[in-house]
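Notes follow once the structure below has been shown.
Only a predicted model underlies this, so the values are computations on that prediction, with no experimental measurement involved.
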Amino acid sequence: MACAVLPGSPSLQDRLLRAFSSGFPLPDGLEPQLQGALAQVLQFPGGLIRAQLVYQTARCFRVEEIPALKLATAIEYFHSASLLFDDLPCMDNAKERRGALCVHQVYGEAPAILASLALVNRAYSLLWSALEGCSAESRAAALGYVERRLGVEGLLNGQSQDLNYALLSREGLSAEKVALSKTAPLIQLSLVLPALAGGASAAERRLLERIALFWGLSYQILDDLKDVHRTVEWTGKTSERDAMLNRPNVALAIGA
């Protein structure tokens, strides 16, 4: 690997913020509720942790600046789309996210769903554009990896396990395994996808996969701890949902 992934500098954060907010230009004549829902998402980007990972990993593997920013923005759009779905009444029924009322609380459930689909669509468009300069082999590997991590082998199955945890057999299933299924895929995408775009070796990809699994589990454990011990004023999102909805929570499982 060319270099290690380092924390983002303020100048990088500024570039990522601009890329996130401007990467999805909203057309004139867009239906007002949908426009409002998308505008709210673009106004509250969160910490852009995944975008930093994507960008710096891409640059380590000599991906050019503009494709690296497109990859980073695409992953953040996928992430933001997943949060819109997560917050819906049929899922986590959350009230607040990123220090503001959830999109469905302001604009309704249908606009939130449509905004999520719009973000996914835009994310794929940015991905295809970012991968244009890659070899056919790298491009195919990257797109296949996206499908595995976001599809029924990855994020979607993990989210379904999370939603239906109370109904599932505990044999071979734990809060940690659900965390790996629902949280690790986006971390894996953040590290492995830009490496694939940069032509990383199989050994480098395996190492990044391992790092992503550990980071994904650690990230979910911290999130679970915050859900149990922190207030919405501290976290910026609705807390104490896991116990109320009987969802998997590593902190609750170990009595932390």
Side-chain angles (χ1 to χ4, degrees), residues 7-8 10 12-26 33-55 69 72-120 122-123 126 150 155 158-159 162 179 182-187 189-190 215-216 218-242 244-245 247 249 251:
L12 171 59
Q13 188 74 355
D14 288 343
R15 297 202 302 278
L16 292 172
L17 282 169
R18 285 196 298 271
F20 183 90
S21 61
S22 64
F24 195 164
L26 303 181
Q33 294 297 101
L34 177 58
Q35 180 175 11
L38 286 168
Q40 178 171 325
V41 173
L42 298 175
Q43 182 183 357
F44 295 99
L48 298 175
I49 300 301
R50 291 161 189 81
Q52 292 184 41
L53 292 175
V54 175
Y55 176 87
L69 285 172
T73 305
I75 297 306
E76 280 296 341
Y77 286 171
F78 282 132
H79 175 53
S80 295
S82 74
L83 297 181
L84 291 183
F85 282 127
D86 282 350
D87 290 339
L88 289 171
C90 63
M91 293 198 181
D92 288 352
N93 195 23
K95 307 301 180 187
E96 294 188 42
R97 169 75 67 176
R98 293 174 173 172
L101 285 174
C102 292
V103 170
H104 72 271
Q105 290 282 331
V106 180
Y107 297 101
E109 293 178 46
I113 292 170
L114 293 174
S116 184
L117 293 173
L119 287 164
V120 170
R122 181 60 179 165
L126 288 170
L150 293 182
L155 178 63
Q159 184 65 26
D162 182 76
K182 75 170 187 174
T183 305
L186 278 169
I187 304 297
L189 272 184
S190 300
W215 281 2
S218 299
Y219 189 94
Q220 187 60 52
I221 290 172
L222 288 173
D223 196 61
D224 288 351
L225 284 166
K226 288 189 289 186
D227 181 75
V228 174
H229 296 293
R230 296 295 185 179
T231 64
V232 64
E233 291 77 17
W234 196 89
T235 63
K237 67 176 184 177
T238 307
S239 57
E240 299 182 350
R241 305 301 294 162
D242 293 337
M244 184 180 299
L245 298 172
R247 301 284 170 73
N249 183 298

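Arg122 places no side-chain N or O within donor-acceptor distance of the main-chain N or O of Pro25, the cut-off being under 3.5 Å. In this structure, Arg98 contributes its side chain and Phe44 its backbone to a donor-acceptor pair below 3.5 Å. Looking at Tyr107, its side chain never comes within 3.5 Å of a backbone N or O of Gln40 through a donor-acceptor pair. Here the side chain of Ser80 pairs a donor or acceptor atom with the backbone of Glu76 at under 3.5 angstrom.
For the atom pair CG of Leu53 and CD1 of Ile75, the computed distance is 10.5 Å after rounding to the nearest 0.5 Å. Annotation: the span from Cys102 atom SG to Glu96 atom CD amounts to 7.5 Å, rounded to 0.5 Å. For the atom pair Lys182 NZ and Asp162 CG, the distance stands at 3.5 Å (nearest 0.5 Å).
Heavy-atom minimum distance, Ser116 versus Leu84: N-CD1, 3.6 Å. When all heavy atoms of Ala115 and Ala37 are compared, the pair lying nearest together is CB-CB, 3.9 Å. When all heavy atoms are compared, the tightest approach of Ser82 to Leu186 is OG-CD1, 4.3 Å. The shortest non-hydrogen separation linking Ala51 to Ala72 is O-CB, 3.5 Å. Gly216 and Ile187 make their closest contact through CA-CG1, 3.9 Å (heavy atoms, listed as atom of the first residue, atom of the second, distance). Counting all heavy atoms, side chain and backbone alike, Gln33 lies closest to Pro111 at CB-CG, 3.8 Å.
Side chain to side chain, Asp87 and Gln105 fail the donor-acceptor criterion of an N or O pair below 3.5 Å.
Between Pro45 and the options Leu17, Thr73, Leu16, a side-chain contact (heavy atoms from CB on, under 4.5 Å) holds for only Leu17.
With sequence neighbours left out, Glu109 forms a side-chain contact (heavy atoms from CB on, under 4.5 Å) with Leu88, Pro89, His104. By the side chain to side chain donor-acceptor pair (under 3.5 Å) test, Thr183 is found to be paired with Gln220, residues two or more places apart in sequence or in another chain being considered.
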| field | Derivation and outcome, side-chain contact (heavy atoms from CB on, under 4.5 Å), residues Arg18 and Leu69 | value | CA-CA 10 Å; Arg18 285 196 298 271; Leu69 285 172; over 6 Å; no
| Working for side-chain contact (heavy atoms from CB on, under 4.5 Å), residues Val41 and Tyr77 | CA-CA 9 Å; Val41 173; Tyr77 286 171; over 6 Å; no
| task | Before giving the answer on side-chain contact (heavy atoms from CB on, under 4.5 Å), spell out for Leu38 and Leu119 the whole-Å C-alpha distance, their side-chain angles and the decisive distance to 0.1 Å. | result | CA-CA 8 Å; Leu38 286 168; Leu119 287 164; 4.1 Å; yes
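For the pair Arg50 and Tyr219, the cation-pi criterion (under 6.0 Å, within 45° of the ring axis) is fulfilled.
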